[in-house]
Each structure stands twice: as structure tokens, then as C-alpha cells.
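A short worksheet on the structure shown next.
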Amino acid sequence: MTTSHEAGVQDPAAGRDAGSQRVRPDQRRPVIAVVPLRGGGAGKTRLADELGPAERTRLVATLAGHVLGALLAGPVARVLVVTGDPEFAAGVMGSDRRVRVVPQPGGRPGLNEAVAVGQELALEAGARRVLVAHADLPLLTAEDVGALLAPAGRVVVAPDRSGTGTNALVLDGSVSGFRFRFGPGSREAHEREARRLGVVPDVVLRAGTSTDLDTAADWAALPEAVRTALRRAVEG
Ligand SMILES: Nc1nc2c(ncn2[C@@H]2O[C@H](COP(=O)(O)OP(=O)(O)OP(=O)(O)O)[C@@H](O)[C@H]2O)c(=O)[nH]1
Ligand SMILES: C=C(OP(=O)(O)O)C(=O)O
């Protein structure tokens, strides 16, 4: 049977429990993922004309569950979900012990600070590499996660489908002083940031990493089966 991690979102609950039969990661120098997550009621505002607040909340939860499942089905040992809404995030996670909900400190608001907080904690925990992934990637698969981790370079950038944004980043644990620049034009900003630190960035271009879901146009561009599954999930 095809799982959500092989073919994109298929079922709202499908992202939560996969991975148990996969290869065990190196627990001494693990790859740790950081997933920033805005509260369920706060996110996906660019879909406000198409979806009501409850539907957007369910969409955020479904997408986040899918991304976590894809991450944990591969060589990622742990995921830190950095969020201003820990209660919502805890509901999305289920009971997987490899996922930790990190409340975003009030003094460090915004997406870039969320990611920086996660990176700091991951490095403190001994991460060999830190993989940052947005929580809204409906086609992300375990294979995509493997592809993000395949380049040997110290900085890996995965652009969005416009080529201007960034949906995922991998930083080697030895990279210090990298300033996260998520927001408009972040792909170029992140590549520039790598070069500032003397690193030639690797770029990964795949449907699973480049497809995020922000707008009605993003929704329309999804494969029909994924759109159907998401429609079912957001309708509750
Ligand atoms: N912790 C945290 N995560 C954020 C914040 N802003 C965005 N995110 C997360 O960052 C990723 C990319 O988010 P965006 O696509 O920029 O924003 P969004 O909330 O999903 O959608 P819009 O409301 O349309 O901008 C998603 O995983 C969001 O949940 C923030 O201020 N704090
Ligand atoms: C935050 C970003 O994108 P978006 O808000 O479009 O998801 C980004 O690409 O850096």
C-alpha cells in the first residue's frame, strides 16, 4: 500500500505513525529536524477567502502531521516543533516520543526566531546536522528528506516552486552564525548567507520540497488525489 510519505497527503491521520520499520538513525550524532509551526488559528491567512478559520486550522494540522510523518520515516532522529501554540502542536503530534513541542519564547517572535531557537536546541542536543522544514509541504516524502540530506555540503537550500523562497534548509552542525532569512526572497538570502560563511550552498529541487501550500493557486496546482484528501481533511 502506498503511504502518505511516498505520495503526498492522502489521509489526515496518515502522517503520524510511520517510520517504525525504517532504518535506525545514529543516535550519538543525530540529524535533528526543526519545524516552525504557527498556531492553528493563526496560519494560512492567504487562504482566508477560500477556507474558514476551522478549516484552516484543520489544514494546518493535517499538513503538519504529514510533514512530521515524512521526516520521521527517514534518517531524522528527532523533531523539534517550535510554536507559539504548544497546545495545538501537541494535538497535531499524537504521542510520538521523537517529537518535542518547544514553546516559542515570547521575547523571540516570528518565523526566523522560531527556527533559530530550534537550531540552538538541536545543537545543544548534539545534532550532526539540523534540517529545517516548513510544516506546509503536502507532497514531502521520506525520499525527499533523504535527498535533502544527500549532499555532503554544509548548507543545503530547498527553494519553493517560484524559486524565490525557501521551504527547507539543512545546516551542518559545524556551521555557526548562519542568520535565517525566511520571508520574501529567502532563497537568494540563504544562499548569500552560506557564501558569507565561506560555504558553497547545495540546492535541492524536487516536487516534494518545492511544493508548499499558501495560496489558492498552490492548492489548484496540487495533484488531484492530494487535493481530494486535503479537502476531506479540512471539511472535518
Ligand atoms: N513558530 C512560528 N512558526 C511560524 C511563524 N510564521 C510562520 N510559521 C511557520 O513557518 C512555516 C511557513 O509559514 P508561512 O507559509 O510563511 O506562513 P503561514 O502561517 O503558513 O501562512 P500565511 O498566514 O498565509 O503567511 C509554516 O510551518 C508556519 O506554520 C511564526 O511566527 N512562528
Ligand atoms: C517564509 C517563506 O515562504 P512562504 O511564506 O511563502 O511560505 C520563505 O520562502 O522564506
Side-chain angles (χ1 to χ4, degrees), residues 1-12 14-26 30-37 59-60 62-81 92 96 98-99 115 118 122 127-172 182 186-187 190-191 194 201-214 218-219 221-227 229-230 233:
M1 193 183 81
T2 309
T3 72
S4 66
H5 315 115
E6 288 158 352
V9 171
Q10 292 195 343
D11 180 274
R16 293 179 195 158
D17 59 358
S20 51
Q21 69 275 60
R22 310 276 173 154
V23 176
R24 285 265 160 258
D26 178 354
V31 177
I32 297 182
V34 171
V35 175
L37 182 64
L59 177 64
V60 172
T62 301
L63 292 173
H66 174 75
V67 168
L68 293 178
L71 289 169
L72 289 169
V76 169
R78 262 170 283 160
V79 184
L80 306 177
V81 178
V92 170
D96 195 315
R98 295 169 296 173
V99 180
V115 172
R128 177 166 50 89
R129 301 174 90 186
V130 179
L131 190 164
V132 178
H134 287 185
D136 60 355
L137 309 178
L139 304 185
L140 190 73
T141 64
E143 205 182 5
D144 295 314
V145 176
L148 286 170
L149 294 168
R154 295 165 66 218
V155 175
V156 180
V157 179
D160 65 8
R161 70 192 178 102
S162 76
T164 62
T166 311
N167 285 340
L169 276 176
V170 181
L171 300 181
D172 191 80
F182 288 102
S186 64
R187 184 247 180 104
H190 286 140
E191 291 187 17
D202 288 291
V203 175
V204 169
L205 288 170
R206 296 171 64 91
T209 55
S210 66
T211 304
D212 58 355
L213 177 47
D214 290 322
D218 293 335
W219 182 284
L222 290 173
E224 194 181 337
V226 174
R227 249 184 298 139
L230 282 173

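Start at 1 with the first residue, then count along the sequence.
Leu72 has its side chain within reach of Asp96: a pair of non-hydrogen atoms, C-beta onward, lies under 4.5 Å apart. By the 4.5 Å heavy-atom criterion applied to side chains, His134 and Val67 are not counted as neighbours. In this structure, Leu230 and Val226 have side chains that are in contact, with non-hydrogen atoms separated by less than 4.5 Å. In this structure, the side chains of Ser210 and Leu205 stay at 4.5 Å or more apart for every pair of heavy atoms.
Taken from CG in Leu137 to CG in Asn167, the straight-line distance is 5.0 Å, to the nearest 0.5 Å. We find the CD1-CZ distance between Ile32 and Arg128 to be 10.5 Å, quoted to the nearest 0.5 Å. The OG1 atom of Thr209 sits 7.5 Å away from the CG atom of Leu140 when rounded to the nearest 0.5 Å. Here Leu59 contributes atom CG and Asp136 contributes atom CG; the two are 8.5 Å apart, rounded to the nearest 0.5 Å.
Looking only at distances, no side-chain donor or acceptor of Thr166 sits under 3.5 Å from a matching main-chain atom of Pro159. Here the side chain of Asp202 pairs no donor or acceptor atom with the backbone of Pro151 at under 3.5 angstrom.
Residues Pro138 and Leu63 share a closest heavy-atom pair of CB-CD2, 3.7 Å. Taking all atoms of both residues into account, the shortest heavy-atom contact from Pro36 to Ala135 is O-CB, 3.8 Å. Residue Gly74 comes nearest to Ala142 through the heavy atom pair N-CB, 4.4 Å, listed as atom of the first residue, atom of the second, then distance. Counting all heavy atoms, side chain and backbone alike, Val92 lies closest to Ala64 at CG1-CB, 3.7 Å. The heavy-atom pair separating Gly163 from Arg187 by the smallest distance is O-NH1, 3.1 Å. Listed here is the closest heavy atom pair of Leu80 and Ala122: CD1-N, 3.8 Å.
Sorted by first and then second residue, the pairs that involve residues 144-169 and meet salt bridge (Lys or Arg N to Asp or Glu O under 4.0 Å), not counting sequence neighbours, are Asp144-Arg206, Arg161-Asp218.
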Inset, instruction - Determine, step by step, whether Val170 and Val31 satisfy the side-chain contact (heavy atoms from CB on, under 4.5 Å) criterion, reporting the C-alpha distance in whole Å, the side-chain angles of both residues, the deciding distance to 0.1 Å, and the verdict. - result: CA-CA 10 Å; Val170 181; Val31 177; over 6 Å; no
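Qualifying ring-ring contact (aromatic ring centres under 6.0 Å, His included) partners for His190, counting only residues two or more places apart in sequence or in other chains: Phe178, Phe182.
Considering Val145, Val34, Val35, Val156 as possible partners of Leu131, the one that fulfils the side chain to side chain contact (heavy atoms under 4.5 Å, CB included) test is Val145.
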